[in-house]
Engineer: 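Right, I'll just put the structure down here and ask away after.
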Amino acid sequence: MQLSFADALPPESTPVDGEGAFSLERRFDAPFVAGLAMREKQVQQSYRPIISIHKWFARRPGSVFRSLILSEFAEKELREAYWAGNRFDAVVADPFMGGGTTVFESLRVGASAVGCDVNPMAYWLVRQAVDPIDLDAFRAAGRQVFDELNSRIGELYKTACTSCAKEADVKYFLWVKTCACPGCGKQTSLFPGYRVAESVRHPKEVFTCPACDILQEFGKGEEKACAKCGLDLSQGNTRRGKTSCLDCGTEFAHLKELGSPPEHRLFAIEYQCPHCYASTPGRQFKSPDADDHRKLRQAADMREGGAADPADGLALDGLALDDAIPDDAIPEGDETNRLHRWGYSRYRELFSSRQQLGLGILAGIIRKVEDRRMRHALATVFSDFLRYQNLLCRYDTYALKCQDIFSVHGYPVGLVACENNLPGIPRVGSGSFIHFVEKFAKAKKYAQAPYETTQSRGAKKTVPTPGESIEAAVVAAEPHPADRAAWLNCSPSQVLDLRDESLDAVFTDPPYFDNVQYAELMDFCFVWLRRILADEDEAFRRASTRTAYELTGNRTLGRGLENFTSGLSEVFVRMSAAMKRGAPFAFTYHHNDPAAYVPLVVAMLDAGFTCTAVLPAPAEMAASLHIAGTNSSILDSVFVCRKREYAAAAASLPAPRGSVAAAVARDVASMKAAGYACTAGDLACLEAGHVAGEAVRTLANGEWDPRAPVGARMAAVRAAVETIADRKAADRKVVDRKVGAQ
């Protein structure tokens with residue numbers, strides 16, 4: 001399909017009828033929403049600070065879900081209602097709650113929310129976002145915990161300034177993996193490169209010499225050779241899985257030689273001296289000295305001493321230090337198998353002795369916080385900041401900061417690790433406990449008084465939405481429309497006990513088959529958090545977030561498309577049974593593989609739905625690490641469904657216009673109106689979405705048996721999709737001729 005043919009086609013625009021029926025399909029303003037969503041995804045934590053409560057993966061823009069809700073329930077046009085405070089009496093459900101976007105946006109506009117997710121981490125983070133809290137009391141409790149933590153381990157994060165010799169705070173410790181050379185038997189460092197810092201936020205480039213174990217600085221264009229031994233520092237000794245020994249020159253595949261778990265060597269420190277930093281150009285780096293290595297041994301001794309003697313000064317709320325540190329085995333999985341290949345078998349091996357010591361002590365301090373709300377909030381902070389406190393974190397040589405372990409949706413194992421200051425330096429650096437306390441507080445402040453952000457003359461401007469709030473009562477039973485309460489469940493959605501005809505709408509973002517292994521990744525936090533919460537919440541009494549009910553494809557566990565299809569169908573059917581007559585069921589989806597849409601079509605048909613619209617909406621940032629350099633789409637298809645019998649009887653239903661090719665052309669024009677030019681990947685995903693929508697409408701008009709074997713139902717959908725696909729080439733030619741005639 002050519003991008004140019006859509007330029008002459010205006011976005012689809014249908015007048016709003018007076019009855020309000022099918023409001024979402026008519027009122028959704030794709031160019032307006034696209035502009036909002038693309039700006040939000042550039043700095044999502046700025047536009048939706050609530051997401052800073054805790055890490056979750058592949059969050060969809062809050063602006064998209066706010067727009068979906070307002071398009072259905074508001075009486076005003078979307079461009080007017082979006083910036084105003086809103087209040088509706090309704091019950092909105094999300095059976096795949098995840099990071100909580102639907103729950104947050106529903107509560108904002110006064111609706112009650114029903115949220116469900118099988119993953120206890122999703123349940124917990126949404127609960128913490130919604131549960132009201134006294135921010136002044138929380139900040140005070142956080143500072144008290146920080147002070148106690150700092151008094152116990154703060155000295156382990158000090159170093160001597162190389163300029164004034166006074167004590168300074170360490171920001172980051174840099175470690176490199178080592179292994180024994182099969183040629184000479186000596187330990188060699190595995191450096192993919194010797195550069196520590198680029199000359200962007202520091203006046204010169206900083207390199208380490210592995211032979212002399214010293215840091216040196218070079219101006220741009222200068223020869224990168226060690227001044228002491230002459231070693232060429234322009235490239236490391238490890239490349240494409242092979243390492244050259246720094247002593248004997250033997251080249252070997254290091255993955256086969258590494259220990260289990262891999263050993264590390266401290267080689268560089270970035271610090272900030274309160275006496276010299278203001279007069280120092282750039283950042284402050286040093287090679288570790290004897291006292292730095294002494295503190296490493298001290299931390300290791302404290303860690304082992306705490307494990308051995310629960311009666312000593314490291315006793316934690318009646319527990320030995322070792323009992324606060326998870327010893328869980330890392331199970332097999334599509335993502336965790338990468339850790340196994342590197343020799344990691346238990347979660348605690350992903351943390352240094354100093355990190356284990358500090359995290360164990362911090363967990364014990366938090367357990368002793370008396371106020372339940374404060375204890376739970378601080379436990380959430382603890383869980384979230386773990387992603388910056390482990391040996392899989394990397395150091396960004398450009399931005400000169402620690403990178404989150406989950407900066408990609410997996411377990412990246414780098415050769416160089418960045419160890420963050422665990423207690424943290426107030427107002428300096430990021431990723432430490434004290435920084436995450438403030439991050440949580442900012443998220444909760446937004447929850448209490450949410451706002452929207454717009455652009456005015458190139459500058460951001462916040463727009464208050466009076467009367468709106470994300471905080472609400474968390475209740476133990478299904479709420480009524482006027483309650484403005486949240487009923488949050490950690491259970492499979494297909495067994496959720498819902499009243500018949502109790503839901504005014506369902507808005508959700510289901511799993512995208514095998515795109516993200518949520519449970520495998522969130523176990524990293526869960527194994528720590530459950531040691532704080534197991535006595536207080538049933539969701540944390542299990543060993544793992546993994547469950548047979550999780551709806552993700554997983555090759556290791558043998559979960560394929562049939563399993564995904566059956567699970568989606570059960571959830572869609574359960575939601576359909578609880579929905580009011582004519583209520584919308586809308587969900588976002590995109591996938592590169594057309595086969596991944598077959599389960600969606602089956603689920604919609606099994607639930608008695610027809611597809612009344614497929615709408616385009618940006619979902620990702622084009623520069624995202626998951627998107628850049630691939631053929632992936634940044635656009636979601638938003639499938640809007642209604643029950644078949646209601647849709648068939650409703651004269652106000654806006655009938656789909658034209659072919660799949662014409663529908664894609666309208667989407668392309670809508671995105672162009674928002675300032676975005678669709679890529680080939682976008683076109684493929686948009687087309688797959690419209691084909692799926694047409695397949696639902698086609699099969700809904702015939703005989704569909706939801707009791708047939710799942711394989712037979714999937715085969716019927718594939719056949720319908722193939723028939724629709726066969727028409728696409730002819731449809732494109734017709735559209736091209738119409739455009740040419742214009």
Side-chain angles (χ1 to χ4, degrees), residues 48-54 56 62 65 69 87-135 137-138 141 369 371-381 383-384 440-441 443-450 467-493 495-499 502-508 526 529-530 532-541 578:
R48 286 294 188 277
I50 190 64
I51 71 171
S52 297
I53 286 289
H54 197 287
W56 193 254
F65 279 77
I69 294 168
R87 175 74 193 224
F88 313 115
D89 288 346
V91 178
V92 178
D94 185 351
F96 301 104
M97 181 168 56
T101 303
T102 294
V103 173
F104 303 155
E105 300 300 330
S106 299
L107 292 172
R108 275 189 65 173
V109 299
S112 287
V114 176
C116 191
D117 203 289
V118 74
N119 193 303
M121 293 300 298
Y123 152 78
W124 183 258
L125 74 90
V126 176
R127 182 184 179 91
Q128 287 301 296
V130 169
D131 199 27
I133 196 170
D134 182 326
L135 282 179
F138 168 73
V369 173
D371 183 275
R372 180 188 64 84
R373 275 201 166 99
M374 301 305 152
R375 183 170 63 254
H376 289 179
L378 290 167
T380 307
V381 170
S383 173
D384 194 29
F440 185 95
K444 293 298 290 183
K445 182 178 180 181
Y446 175 85
Q448 294 173 357
E468 294 190 351
S469 175
I470 292 171
E471 289 191 341
V474 178
V475 296
E478 188 175 357
H480 290 274
D483 291 347
R484 209 191 78 79
W487 184 37
L488 307 177
N489 297 268
C490 181
S491 68
S493 294
V495 300
L496 193 61
D497 186 16
L498 294 165
R499 298 190 301 269
S502 62
L503 302 180
D504 293 280
V506 175
F507 297 104
T508 191
F526 180 79
L529 188 56
R530 72 186 184 92
I532 300 175
L533 298 175
D535 295 339
E536 302 188 59
D537 196 299
E538 186 177 354
F540 290 87
R541 290 172 195 156

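The analysis underlying the following values was restricted to heavy atoms, covering all of them including side chains, and did not include hydrogens, waters or symmetry mates.
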Engineer: Does the side chain of Pro120 come within less than 4.5 Å of Arg530's, by heavy atoms?
Structural biologist: no
Engineer: Is a side-chain N or O of Arg375 found less than 3.5 angstrom from the main chain of Val369, in a donor-acceptor match?
Structural biologist: yes
Engineer: Distance-only, no hydrogens or angles: does the Lys444 side chain make a donor-acceptor pair with backbone N or O of Asp131 under 3.5 Å?
Structural biologist: yes
Engineer: Given side chains that start at C-beta, do those of Phe96 and Thr102 come closer than 4.5 Å, heavy atoms only?
Structural biologist: no
Engineer: Would you give the length of the straight line joining atom CD1 of Ile470 to atom CG of Leu107, rounded to the nearest 0.5 angstrom?
Structural biologist: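 Reported value, rounded in 0.5 Å steps: 8.0 Å.
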Engineer: Please check: side-chain N/O of Arg541 versus main-chain N/O of Ala534, any donor-acceptor pairing under 3.5 Å?
Structural biologist: yes
Engineer: Return yes if some donor-acceptor pair links the side-chain N/O of Asp504 with the main-chain N/O of Val91 below 3.5 Å, else return no.
Structural biologist: yes
Engineer: Roughly how far apart are Asn119 CG and Trp124 CH2, rounded to 0.5 Å?
Structural biologist: 14.0 Å
Engineer: Taking C-beta and beyond as the side chain, do Leu378 and Phe440 meet within less than 4.5 Å on heavy atoms?
Structural biologist: no
Engineer: Is there a side-chain contact between Ile50 and Pro450 in this structure, where contact means two heavy atoms from C-beta onward sitting under 4.5 Å apart?
Structural biologist: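 With C-beta onward as the side chain, the pair stays apart.
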Engineer: Do Ser469 and Arg484 have side chains that get closer than 4.5 Å, going by heavy atoms?
Structural biologist: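 Yes, at least one pair of side-chain atoms sits under 4.5 Å.
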Engineer: Is there a donor-acceptor contact under 3.5 Å from the side chain of Ser112 to the main chain of His480?
Structural biologist: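 Such a contact is found between Ser112 side chain and His480 backbone.
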Engineer: State, with a plain yes or no, whether a side-chain heavy atom of Trp487 is found less than 4.5 Å away from one of Leu498.
Structural biologist: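 Trp487 reaches Leu498 side chain to side chain.
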Engineer: Is Asp117 reaching over with its side chain to a backbone N or O of Gly98, donor-acceptor style, under 3.5 angstrom?
Structural biologist: yes
Engineer: Under the 3.5 angstrom rule, does the side chain of Glu478 hit a backbone N or O of Arg499 as a donor-acceptor pair?
Structural biologist: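 Yes, because the side chain of Glu478 sits within donor-acceptor range (under 3.5 Å) of the backbone of Arg499.
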Engineer: Quick check against the 3.5 Å criterion: does Gln448 have a side-chain atom that pairs as donor or acceptor with the backbone of Pro132?
Structural biologist: no
